[in-house]
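For reference, the structure is listed below as C-alpha cells.
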Amino acid sequence: MTLDPRLLEILACPEDKGPLLWFEGENILYNPRLKRRYEVNDGIPVMLIDEATTVDDAEHERLVALAEAEGIEPTFED
Amino acid sequence: MPSSTPSSSLFDRWSATYDLPGLQRFTYRPIHDAIVAQLAEAHPSTVVDLGCGTGQLTRRLIERFPDAAVIGVDFSAGMLAEATGRLGPNPADHPALVQAEAERLPFGPSSVDVVVCTESFHWYRDQAEALDGLAEIVRPGGRVLVASIATMTGLGDDIVRRLTSRGGRPIRALPPERLRRLLDRAGFEVVDQRRVPRLGLIGWPVLTDARHP
C-alpha cells in the first residue's frame, strides 16, 4: 500500500520528532535512532508510541541494510 | 389505527438513525462553515485536521484547498476506519489519514501551514503540551484554528470537568480567555476569537484563530 508522498515528506517519529524510513514492502515506518517501528494499517500510519515496537539489534541491522540496498531515504532532512 | 403495524415498526427502527444527518448538520456544519470562511484568504500547502473523527471537515478542506496536502489526524482507529469508509471513488479526493495523539504529533519541525482543531480540544489530556507541540510543527506565519465548546467562566469549566471525570474521560472546556492565554504561552498570537452560533441545546462553541509569528 502506498502512502501519500506529501504526507511522507513531513512524517516524523512522535517521540524524537526526527525523520523515518518508509519500507513500503513491509508496511512499516522505522526510526533507526530509537530502533522503533511503527505499523501502517490499511494505509493509515499508527504513530502511537504505545503501539510501536522496539526492535532488536539484528532486526535493526537488517532494516538499515535494506534501506541502503533499496535506496530508501529518510522522510525529510534532519 | 393499530399502533404497531409493520410499517410503524419500520419507522421506529428508522427513527434511531433518521435524524442523524440533521444532527450533524445543526451541530457541526456551522463550525465547519466558520472554519472554511475564516480561511477564505489562506493558501496553505499543508493542512492538518487534528481530531478529524469521521473526516467530515477533512473532506471539505480538500474541496476548499484542492492543491494542498490535507492530513486528517485522530487518536481513534475506529473513527479513522469510519473516515476511510466514507471516501469517494476518486483517490485524488482522499485525505491522508494518520493515527496519533494530539500531544505527540508525528510531524517534522515547521512542516505545516494550517492546523484546524474542531470539537476535539476539550478532550486533550494535556492542552498546554498539545499547543507547545503545535508551535513546533506550524511554520512561521502559519495558523492554528481551534473551535471548541467553551464555558463562560472558570467556575463552569471546573464543574464540567468534575462531572465528566466520573465517566473517566474529563472534558476540559476552557473559557475563551484561558485558551487565549494558553496559546500566548505556546508562542501563538490570537488574532480573532468569537462564538459560532448554532441551533440546539449545546452551548455555542468558540472559534479562536491564532498565528504563529
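Residue numbers begin at 1 in each chain, while the letters A, B, ... track the order of the sequences. No hydrogens, no waters, no symmetry mates; every other heavy atom, side chains included, goes into these values.
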Please round to the nearest 0.5 Å and tell me the distance separating atom [atom1] of [X] and atom [atom2] of [Y].
{"X": "B:S45", "Y": "A:I10", "atom1": "OG", "atom2": "CD1", "result": "9.0 Å"}
{"X": "B:R104", "Y": "A:E15", "atom1": "CZ", "atom2": "CD", "result": "7.0 Å"}
{"X": "B:Q99", "Y": "A:E51", "atom1": "CD", "atom2": "CD", "result": "5.5 Å"}

Select one option (side chain, backbone, both, neither) describing which atoms of [X] are under 4.5 Å from chain A's heavy atoms.
{"X": "B:T46", "result": "side chain"}
{"X": "B:A77", "result": "neither"}
{"X": "B:V73", "result": "neither"}
{"X": "B:L80", "result": "both"}

When A:D4, A:D78, A:L48 are compared by non-hydrogen pairs under 4.5 Å with chain B, the top option =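 Counting heavy-atom pairs under 4.5 Å, the top option is A:L48.
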
key: Heavy-atom pairs under 4.5 Å with chain B, option from A:N41, A:V40, A:I44 with the top count   =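 It is A:I44.
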
key: 4.5 Å side-chain heavy-atom contact, A:L7 and B:F107   =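 Touching, per the 4.5 Å side-chain cut-off.
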
ask   = For B:G108 and A:A12, which heavy atoms make the closest approach, and how far apart are they?
value =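 Answer, listing the atom of B:G108 first, then A:A12: N-CB, 3.7 Å.
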
request  = Step through the shown structure and confirm whether more than 12 heavy atoms of other residues, nucleotides or ligands are within 6.0 Å of CG on B:D184.
outcome  =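 Atom CG in B:D184 is packed in, count exceeds 12.
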
message = Would the distance check show the side chain of A:K17 and the main-chain N or O of B:G133 forming a donor-acceptor pair, the cut-off being under 3.5 Å?
response =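 No, the answer is negative, given that no donor and acceptor are paired below the 3.5 Å cut-off.
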
key: Segment of A:L3 engaging chain B (4.5 angstrom heavy-atom cut-off)   =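 Neither part; nothing is under 4.5 Å.
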
